[in-house]
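What follows is one structure encoded as structure tokens, with my remarks underneath.
On a predicted model such as this, the values are computed, not experimentally measured, just so you know.
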Number of protein chains: 2
Amino acid sequence: MLDERKAAILRAVVEEYIETAQPVGSSHVARASGVQVSPATVRNEMVQLEQEGYLHQPHTSAGRVPTDKGYRFFVDALTDPGSLDATSGQRVQAFFRRAHGAIEQMLQDTSQLLAELTDYAAVVVGPGHEDAVIRSVQLVGLAPRTALLVVVLSNGAVDKSVLDLDEDTGDERLAAVTAHLSAHLVGSTLGELPTLPATGDPATDRVSALAVDALTAATRTEPDEVYVGGASRVAVAFDAVESVRQVLSVLEQQYVVVGLLSDVLDRGLTVSIGSEHQPLSECSIVVAPYQVEGEPAGTIGVLGPTRMNYQQALAAVAVVSRRLGRRLSEG
Amino acid sequence: MLDERKAAILRAVVEEYIETAQPVGSSHVARASGVQVSPATVRNEMVQLEQEGYLHQPHTSAGRVPTDKGYRFFVDALTDPGSLDATSGQRVQAFFRRAHGAIEQMLQDTSQLLAELTDYAAVVVGPGHEDAVIRSVQLVGLAPRTALLVVVLSNGAVDKSVLDLDEDTGDERLAAVTAHLSAHLVGSTLGELPTLPATGDPATDRVSALAVDALTAATRTEPDEVYVGGASRVAVAFDAVESVRQVLSVLEQQYVVVGLLSDVLDRGLTVSIGSEHQPLSECSIVVAPYQVEGEPAGTIGVLGPTRMNYQQALAAVAVVSRRLGRRLSEG
DNA sequence: GCTGGCAGTCGATGATACCGAGTGCCAGCC
DNA sequence: GGCTGGCACTCGGTATCATCGACTGCCAGC
């Protein structure tokens, strides 16, 4: 598609623009590019690269800036998986060696880690709960007509739903329901709950059904938890205050973020550039799913300007997703 | 301290500066102020106001800008508690009427509500867990040597701690410990856990002690949960990108936020202006505690530039804190 | 087909002048 | 004595203009 030299020139432009954020002129390219040609030749090639949509010229007498298509080519050509520098690698190691305790806190910390590694905002989407195995079910009375359904999952997460009961329900009845639910739900996954057999006691059956309904409803509607780390970094990555506002605004809306990341779930380590995704056309996103016990569980990602450091971001996301998955598989 | 006219002039300067963000000149004040005097007189007064530290002049031949001290006077003089406009009031009503379900989600939504009402970033600090009564204690095995301690509190919150056990522990033993813990801890508060009597079984006692230790440790060290809403609004409230970064950066650090808000816990509805607090001298904070069942439980606050709309923010924080407390007291 | 040379473009930078909002001060008036 | 109108003065912001320089496109020649 692009001959060797054009590709080299495009690469040089992208690299320099990522570094300097200034339009890149032909002489810079001639100096930097692997191919040794004169600036005039570079200019001729750049005209064509512009016609083909890889580059863009803000105005005559200015250098060139990569378009989204240009970044796309650059990223696709990044055969080198890129690896983290030594200190970053060690940080990741140390982080996951020390990582411990509640899964939510760990995911939050992971987003923070990723943000620090890349210097961009980072997002971690928690493992969905559909596939998690139920370890324990319990109904706890909070008020005469309110009970809390607490479900402990095998990965250490705890789901809870508030149940509004039709009538005052004593602790004995709740205990009976808890026993009934425990007997039949423990060992199943939230995604595929078995139907409960009748107990003979209609009141117990009614509350049990309520609990199961609440559980399925919660599993369906609740969006996966999103952890955003390093949001303040968007303020330096984008210097226009309006861009900052837009990005932050999107990051506040969990479901949008989930949508942004999750449609790349089965594509592995992926980059989405500017206009390739729906909101945030000024941003690029580097995403990867992480696998727990062989199954894709959640995603992690980094969000930066289109002129982000893709190499570094890709390396960081790859490493962290792998280690996070491994860590979570250990249980 | 300030005579009537000086106060009126200062008020006019503050009000206009809050609105326009431009240094305010004497003629504007003369036009707007309640007192009808000539610009020349206003100038004479302003010179004194500046000498006394209420105003500041960016440069000769510019208008005046309030200092933090000026804002302080203005805020203290706000006898009018200020009430929300009708639509906002209805929004709050509607919100708490509909509010329902898990407490965490509700607090998060509350921060969002407060942000929308004021158009500044808002923070909600959840009720501390020390005073909450334990409704249920349960140990759930996750792995041979790992168990999850799940504690349900009377306010619907769920605390959990991961326990690392010394030796493989079967479900029967965990059940025994759960029974033991339940028998003695349910009904106590996390802040004042009773000491457990021995059961006679050393293994059970050991695990139980481990659980209690984890619980006290968690209650001590875990910072109160912080919910930040409307963070993107700092991007419009501050137009310097560096200021935005600083504010966001602070908002990311939960414990700093808690510190910022919590030292005003027993002072009721409070405003802290610029340099009056430690970090974020460019910001003002409007805070109020909310009370659950008569006891101060947590705090809510709004964070904006020193030239924020104090009236509106005060009104919003007052109303929301009151209704939030009431809502949480209902259980 | 590559290159050096060259004229041309156009934003960025800097000097200059000007404008106007705002001040401090003062003399006069109530 | 205090308020006011008048006045000279300051000084940042804006507009104008020239210059500069980093580019480009094009062309003739190697």
Side-chain angles (χ1 to χ4, degrees), chain A residues 2-67 70 239-240 307, chain B residues 2-67 70 239-240 307:
Chain A
L2 289 187
D3 63 56
E4 188 55 42
R5 199 170 61 187
K6 281 208 186 62
I9 290 173
L10 177 52
R11 194 178 326 125
V13 172
V14 172
E15 279 171 354
E16 176 138 351
Y17 186 69
I18 284 176
E19 192 179 342
T20 66
Q22 299 295 327
V24 182
S26 55
S27 49
H28 280 164
V29 174
R31 222 175 298 136
S33 149
V35 187
Q36 288 300 353
V37 285
S38 77
T41 310
V42 174
R43 280 202 287 281
N44 289 330
E45 299 281 52
M46 293 216 291
V47 171
Q48 297 186 46
L49 282 170
E50 184 168 7
Q51 283 169 353
E52 294 174 48
Y54 293 99
L55 293 178
H56 168 244
Q57 203 173 15
H59 52 264
T60 348
S61 90
R64 303 303 211 289
V65 165
T67 61
D239 37 27
R307 53 169 282 272
Chain B
L2 289 187
D3 63 58
E4 187 56 41
R5 198 171 62 188
K6 281 208 185 63
I9 290 173
L10 178 52
R11 196 179 324 126
V13 172
V14 172
E15 279 170 355
E16 175 139 350
Y17 186 69
I18 284 176
E19 192 179 343
T20 66
Q22 299 294 329
V24 181
S26 55
S27 50
H28 281 163
V29 174
R31 222 175 298 137
S33 152
V35 187
Q36 286 302 351
V37 285
S38 75
T41 309
V42 173
R43 281 203 287 281
N44 289 330
E45 300 282 53
M46 293 216 293
V47 170
Q48 297 186 46
L49 283 170
E50 184 168 6
Q51 282 169 353
E52 294 174 48
Y54 294 98
L55 292 178
H56 169 243
Q57 202 172 12
H59 52 263
T60 348
S61 90
R64 303 303 212 289
V65 165
T67 61
D239 37 26
R307 53 170 282 271

Steps toward side-chain contact (heavy atoms from CB on, under 4.5 Å) verdict (A:Val13, A:Val29) | CA-CA 7 Å; A:Val13 172; A:Val29 174; 3.7 Å; yes

Taking every non-hydrogen atom, the tightest pair across [X] and [Y]:
{"X": "B:Gly70", "Y": "B:Val14", "answer": "O-CG2, 4.3 Å"}
{"X": "B:Lys6", "Y": "B:Leu2", "answer": "CD-CD2, 4.1 Å"}
{"X": "A:Ile18", "Y": "A:Arg307", "answer": "O-NH2, 2.8 Å"}
{"X": "B:Glu50", "Y": "B:Leu55", "answer": "CG-O, 3.5 Å"}
{"X": "B:Tyr17", "Y": "B:Val24", "answer": "N-CG2, 3.8 Å"}

Does the side chain of B:Arg64 get closer than 4.0 angstrom to OP1 or OP2 of C:dG22 through an N or O atom?
-> no

A:Thr41 side chain N/O closer than 4.0 Å to the phosphate oxygens (OP1, OP2) of C:dT3?
-> yes

B:Thr67 side-chain N/O to B:His56 backbone N/O, donor-acceptor pair under 3.5 Å = no

Between A:Gln57 and A:Ala62, is there a donor-acceptor pair closer than 3.5 Å when you use the side chain of the first and the backbone of the second?
-> yes

With nearest nucleotides of DNA chain C determined for B:Gly63 and B:Asn44 from heavy-atom distances, which residue corresponds to the more 5′ nucleotide?
-> B:Gly63

Spacing between [X] atom [atom1] and [N] atom [atom2], to the nearest angstrom:
{"X": "B:His56", "N": "C:dT23", "atom1": "NE2", "atom2": "P", "answer": "13 Å"}
{"X": "B:Glu45", "N": "C:dG24", "atom1": "CD", "atom2": "P", "answer": "13 Å"}
{"X": "B:Gln57", "N": "C:dA21", "atom1": "CD", "atom2": "P", "answer": "17 Å"}

Residue of the set B:Asn44, B:Val37, B:Val42 for which side-chain contact (heavy atoms from CB on, under 4.5 Å) holds with B:Ser26 | B:Val42

D:dC30 -> Watson-Crick or G-U wobble partner, both distances under 3.5 Å, gives C:dG1

Do any N or O atoms of the protein come closer than 3.5 Å to N or O atoms of nucleotides 6-15 of chain C, and which pairs are they?
unit_1: C:dT9; atom_1: O2; unit_2: A:Ser61; atom_2: OG; d: 3.1
unit_1: C:dC10; atom_1: OP1; unit_2: A:Thr60; atom_2: OG1; d: 3.4
unit_1: C:dC10; atom_1: O4'; unit_2: A:Ser61; atom_2: OG; d: 2.9
unit_1: C:dC10; atom_1: O2; unit_2: A:Ser61; atom_2: OG; d: 3.4

At under 4.0 Å between heavy atoms, what does B:Ala62 touch on the DNA or RNA strands: base, sugar-phosphate, or nothing?
-> sugar-phosphate

Starting at the 5' end of DNA chain D and moving along, which residue's nearest nucleotide shows up first, A:Ala40 or A:Gly25?
-> A:Gly25

Bounds of contact between DNA chain D and chain A, in 5' to 3' order, using a heavy-atom cut-off under 4.0 Å | D:dA22 to D:dC26

